[in-house]
Amino acid sequence: MDRARRVFFNLRLPDGPAGFVVVEAGRIAAIGRPGETLPEGLHIDLGGRLVVSGFVEGHCHLDFSLYGDAWQPYRAGPNGFVVRERVAFQRENLAQAAPLAERARKHVELSLAHGTTQMRSHVMVDSQIGLGHLQVLLGVREEYRGRIDIEFVAFPQNGILTDPGTAAPLDDAVVAGCELVGGLDPASFDRDIEGHLDVVFGIAEKRGVGVDIHLHDGGTLGIFEIEQIAARTAALGLGGHVAVSHAYSLGEVSEALLQRTAATLAKAGVAIMTIAPPNGPFPPVAPLRAAGVTVFSGSDNIRDSWWPYGDGDMLRRANMIGHRSGFFFDEELAAALDVVTCGGAKALGVEGYGLAVGDRGDFVALPAQHVQEAVVAVPGDRSVYKAGVLVAENGALVP
């Protein structure tokens, strides 16, 4: 770590102008009031820009991304959007894609250049691939250590019970370096809710790791699965270490059922990840947050077999969340940014996240007067700092 004292000045924090911010040994050591004399150190003029905490990419798939690779046209399945069919398309596309390490590097650098300093990536594990994808991505993670923090979820993309032999490599993946164990639609994909959750939570309990489950199932079926996940979370004392990703069902049920389920999630300590997809229902962000549920976000898929969109920009994701949620008021726009910053950090359990003395010196400086302008304008010309050291600027990594 570069331990030099850096004194950032001529900047704005989310709560207003600041005299300076001192980062020393990778942590914020002091925050000065406007007009105070600059302390000694390497002085860095931020040009009056807004400083926000580094963005949190809470849900992506480094091994599925086709960003920077040959264009693959989106293919429509004969039965609409069906997970099994999309998985089959993905298998065909990946067979002719560039090497995994090459694609993953491009994805990481894209996200980092936009200001992501924390990332959670799901990594496919199954009876055929085993730990193949993970072994490659562990190497990629090491290459970018010190510039971005990446954690992995062992993800059974092809199911657990419907793909016999997957449970063992899921456990092995956690031992090998995954910080969490994942799951996928226990009801519709594996057709055995309890059997699926037995494996997922069994590994979590055995290895002392968190859980992040993909849940596309809608309506009351999806709500029932969420309730079962919450019950297991509470029983094992895993509150704060479990997330349900997508959870479309929360946007498909009555307000009364939503409120009841939100209370259950908040009490159990289960977070909800939403990407605010361009069409269809998604978890209502404001009611969930009001009930005390941690809501976070991610890019999910970037230009892959699931859709042709995605740019790895979590500030743009905040804009999308605000747009799709009908957020107009200042406090609502601030909440949209919180979903991709503090909400993500809480869901991922990031220690020392924020802009207070003692927190990590991970932040983004961008041309905006306040967080509301940042969310609605999505400005470029960003400078990204990790532990107080410049790692990306103007959309490109710093050598």
Side-chain angles (χ1 to χ4, degrees), residues 6 8-14 16-18 21 23 44-60 62 65-68 105-119 144 147-149 275-276 278 296-303 307-325 327 330 332-345 355 361-399:
R6 288 173 169 80
F8 299 90
F9 68 99
N10 191 13
L11 60 94
R12 294 174 176 272
L13 294 177
V21 173
V23 177
I44 301 171
D45 186 348
L46 292 182
R49 290 185 293 173
L50 175 70
V51 169
V52 297
S53 297
F55 302 134
V56 180
E57 165 61 88
H59 186 109
C60 69
L62 289 176
S65 176
L66 298 175
Y67 171 74
R105 290 188 192 101
K106 290 179 180 178
H107 185 143
V108 169
E109 293 185 6
L110 177 71
S111 297
L112 177 54
H114 284 309
T116 287
T117 57
Q118 301 282 156
M119 173 182 284
Y144 292 90
R147 289 185 283 178
I148 183 172
D149 297 323
I275 64 168
F296 66 115
S297 189
S299 299
D300 197 7
N301 307 99
I302 294 183
R303 304 184 194 180
W307 55 36
Y309 296 100
D311 63 2
D313 187 350
M314 291 308 298
L315 183 56
R316 190 177 306 280
R317 185 64 54 179
N319 176 283
M320 293 171 65
I321 290 168
H323 195 169
R324 284 228 64 205
S325 298
F327 287 174
D330 278 4
E332 294 174 325
L333 296 173
L337 184 68
D338 188 83
V339 170
V340 304
T341 53
C342 295
L355 293 173
D362 298 353
F363 56 85
V364 183
L366 43 83
Q369 293 297 303
H370 38 66
V371 297
Q372 290 79 12
E373 182 184 2
V375 170
V376 300
V378 194
D381 186 23
R382 305 174 199 174
S383 300
V384 185
Y385 294 86
K386 185 70 174 172
V389 178
L390 182 67
V391 293
E393 191 169 31
N394 296 326
L397 268 60
V398 173

Inset, instruction - Of all the heavy-atom pairs spanning Ala113 and Ala392, show the shortest one and how long it is. - result: CA-CB, 3.9 Å

Inset, instruction - Please round to the nearest 0.5 Å and tell me the distance separating atom CZ of Arg303 and atom OH of Tyr67. - result: 6.0 Å

Legend entry - Under 3.5 Å donor-acceptor, Arg147 side chain and Leu397 backbone: no

Legend entry - Residue pair Gly54 / Thr341: nearest heavy atoms and the distance that separates them: O-CG2, 4.4 Å

Legend entry - Distance-minimising heavy-atom pair for Val384 and His114: CG2-C, 4.5 Å

Legend entry - Point-to-point distance, once rounded to the nearest 0.5 Å, from OG1 of Thr116 to CG of Asp362: 11.5 Å

Legend entry - Working for side-chain contact (heavy atoms from CB on, under 4.5 Å), residues Ser325 and Glu332: CA-CA 9 Å; Ser325 298; Glu332 294 174 325; over 6 Å; no

Inset, instruction - Quick one: closest heavy-atom pair of Asp300 and Glu57, and the distance? - result: N-OE2, 4.4 Å

Legend entry - Shortest non-hydrogen contact between Phe55 and Leu337, atoms and distance: CE2-CD1, 4.1 Å

Inset, instruction - To the nearest 0.5 Å, tell me how far Asn301 CG sits from His59 NE2. - result: 7.0 Å

Legend entry - Interatomic spacing from OG1 in Thr117 to CE in Met314 - rounded to 0.5 Å: 11.0 Å

Legend entry - From Tyr309 atom OH to Ile275 atom CD1, the distance as rounded to the nearest 0.5 Å: 12.5 Å

Inset, instruction - State the NZ-CG distance between Lys106 and Leu62, to the nearest 0.5 angstrom. - result: 14.0 Å

